[in-house]
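Take a look at the structure set out below.
Being a predicted model, the structure only gives us computed values, none of them experimental.
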Amino acid sequence: MLGQRWSSNADQLRQRLGIQLQDTQLSEKLTVFETVRLFRSFFRQGAETSEVIARVQLEEKQNRAGAISSGGQKQRLALACALVGDQTFFFSMSPPPFGILKPAASFGN
């Protein structure tokens, strides 16, 4: 993948992949901002936490713990966690909410 082998370049490849699972269990004790910031810390490069939260339209929920209640909001938070790195590829097990995911060019990539 990407001209590299998993056997010798697994860390570099993980930095280039974004994955959103169909069902994601995230802590309700963390705020949206803290959750996205935690996932951002797993990557060497990527977007600012607040920028990713804005991309998935969760700004009004970002500073409250347990603020995510609807299925759509949970899906958008999981999407934010998948988009925080500097990905070349994004894989999703379920379609993102309409209008949330735009072409990579609109994300500055």
Checklist entry - So which heavy atom on Arg55 is nearest to which on Ala47, and how close? => result NH2-CB, 3.5 Å
Pairs of donor and acceptor atoms involving the side chains of residues 32-39, under 3.5 Å and at least two apart or interchain, shall be tabulated with distances.
{"unit_1": "Glu34", "atom_1": "OE1", "unit_2": "Thr31", "atom_2": "N", "d": "2.8"}
{"unit_1": "Glu34", "atom_1": "OE1", "unit_2": "Thr31", "atom_2": "OG1", "d": "3.4"}
{"unit_1": "Thr35", "atom_1": "OG1", "unit_2": "Thr31", "atom_2": "O", "d": "3.0"}

Item to check | Straight-line distance of Gln57 CD to Arg76 CZ, nearest 0.5 Å | outcome: 6.0 Å
Checklist entry - Ignoring hydrogens and geometry, is there a side-chain-to-backbone donor-acceptor pair from Arg40 to Glu48 under 3.5 Å? => result no
Checklist outcome for this item: Here the pair of heavy atoms bringing Val52 nearest to Leu83 is CG2-O, 4.3 Å
Checklist entry - Could you state the interatomic distance from CD1 (Ile53) to CD (Gln62), rounded to the nearest 0.5 Å? => result 4.5 Å
